[in-house]
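See below for the structure under consideration.
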2 protein chains.
Amino acid sequence: MLSKETLSKLFPDWEDGLYDAILNEAELKEAKAGTTLLKMGQNIKSAMLVVEGTIKLYQEDETGGEYFMYHLNPGEACAVTLVCNYHHEQSQVLAKAVTDIQYLAIPIEFMEKWLNEFKSWHYFVIKTYRSRYEELLKTIHEIAFKNMDERLEFYILKYVKQFGKIVNLTHQDIANDLNTSREVISRLLKKMEHNGWIVMNRNSFDWIKK
Amino acid sequence: MLSKETLSKLFPDWEDGLYDAILNEAELKEAKAGTTLLKMGQNIKSAMLVVEGTIKLYQEDETGGEYFMYHLNPGEACAVTLVCNYHHEQSQVLAKAVTDIQYLAIPIEFMEKWLNEFKSWHYFVIKTYRSRYEELLKTIHEIAFKNMDERLEFYILKYVKQFGKIVNLTHQDIANDLNTSREVISRLLKKMEHNGWIVMNRNSFDWIKK
DNA sequence: TTAATTGGGTGACATATATCACACTACAAT
DNA sequence: ATTGTAGTGTGATATATGTCACCCAATTAA
């Protein structure tokens, strides 16, 4: 079960009443690694706050393509689910659990209410949107101006920052996240290996640049 | 000079005290069409609210490339300038006036203060971030999944929605906004003409599809 | 131990876009 | 009328990436 202590570690800037509200209204849910938590076009019925584990956020194409945008970690929230004035709002993003996760699901009817009641909630929402907006800007910068080799490096660095220098991803995983094909990634990784940036193993490689 | 009536038409959801605060603290500025209002990396010293005219927001590359993301119209605000807790925050976007414009410049020291004082300001900031976040998602969708011909159509439709079916842009203008070359745009527009989607003139063309 | 599956390597080729060179035309300036 | 300039059209070619075909090695399942 969830305690006020746990909450105050995850969300240190909240006022006391907000912790109580969460304990009363939020449901603590779990999901296995790999689960899809939110699909594009799906109706949003609750806000999502990460308690444990990591979530990956994607832009999704009608034809099945995906483009990875950013990670969500404990103490962070999915921006799109935070402000739903109307019911039946549809998700604009795809969210997947990377690891086994725990998250808080708060029915969206509390969103409007809490914005009124809790100043710290209000700040939390703004902070969330601001930082996600910045992530999207970085993503646009990559896709609009960089070639695949640079985007791959940027992608790997995001991974390394999250999980460390041993990158446990198959070439196919990476290709899916960057909306390209496995062959392209294989060739680019080979180049990186020649350049001495990585050491390759089956199913993984080590980032050793710098 | 700026009146409370004008303000209440532009920003209908604000509380009364906020109009007064604006009248006291904001400076009404003007800029000619084509002016650069904010460059990437530039220190943000004031928030920007559009009163008259249209602004275009870009992502900018170190090497001079630009990618158009969205328009800002009267009653809208530049999200990045709205939440600057620290001084010396650097702009992540490029903003240019498309038409002659008037805008309100509010020194950033009031941002934190007003978030505390005015609930309607708080909502305004959230609404701004939310809608800009959605624009960025659409932009990512275009660049990540679409070829240049589809992106060009999307681009033209944004223009048409803003300014009407007569598109007063040179091929070079469009190429700059989509970070490609004039030749590419020329050829694609020729195709659109063949398909009967547009009628071309010198310095402009008409969108007649559908 | 053998067979099947998954991850990866690589050549050949297709396509989209970028780049270069240059020609042409409408309009503006003189 | 002449000249200059900005906007446009278009072939030739280069490059990055996508696609197809197929192989091999490592791991797992039988």
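Remember, predicted model here, so these are calculated numbers, not experimental data. Chain naming here is simple, since letters A, B, ... match the order of the sequence lines and numbering starts at 1 in each.
The closest side-chain donor-acceptor pair between Gln90(A) and Asn43(A) falls under 3.5 angstrom. In summary, the side chains of Thr54(A) and His71(A) do not present any donor paired with an acceptor at a separation below 3.5 Å, with no hydrogens or angles considered.
Atom-to-atom, CD1 of Ile174(A) to P of dT6(C) comes out at 19 Å; the value is rounded to the nearest Å. The CG atom of Leu169(A) sits 13 Å away from the C1' atom of dG7(C) (whole-angstrom rounding). The distance from atom CG of Leu152(B) to atom P of dA18(C) is 12 Å, rounded to the nearest whole Å. Distance, Asn179(B) CG to dA18(C) P: 8 Å, rounded to whole Å. Atom CG in Asn201(A) sits roughly 13 Å away from atom C1' in dA26(D) (whole-Å rounding). One can place CG of Asn147(B) at 11 Å from C1' of dT17(D), the figure rounded to the nearest angstrom. Rounded to whole angstrom, the span from the CG atom of Asn176(B) across to the P atom of dA18(C) amounts to 13 Å. In this entry the distance linking NZ of Lys146(A) with P of dA18(C) reads 17 Å, nearest Å.
Contacts of His141(B) classified as side-chain hydrogen bond (donor to acceptor under 3.5 Å, both in side chains), with partners at least two apart in sequence or in another chain: Asp61(A), Glu62(A).
For Lys191(A), the NZ atom is loosely surrounded, since the number of other residues' heavy atoms within 6.0 Å does not exceed 12. More than 12 heavy-atom neighbours from other residues, nucleotides or ligands sit within 6.0 angstrom of CD1 on Ile208(B).
A 4.5 Å side-chain heavy-atom check between Leu57(B) and Leu38(B) finds every atom pair outside the cut-off.
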Please write out the pairs of protein N or O atoms and N or O atoms of nucleotides 3-6 of chain D separated by less than 3.5 Å, giving the distance to one decimal.
from, atom 1, to, atom 2, distance (Å)
dA6(D), N3, Arg202(B), NH2, 3.0

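Here the two rings, on Phe145(A) and Tyr67(B), have centers that are 6.0 Å apart or farther. The aromatic ring centroids of Phe163(B) and Tyr159(B) lie less than 6.0 Å from each other.
Scanning residues 182-191 of chain A for heavy-atom distances under 4.0 Å to DNA chain D yields Glu183(A), Val184(A), Arg187(A).
Between His171(B) and dT8(D) there is a side-chain N or O to OP1 or OP2 distance below 4.0 Å.
Using a 30° and 60° split on the angle between ring planes, His122(B) and Tyr123(A) fall in the perpendicular class, above 60°.
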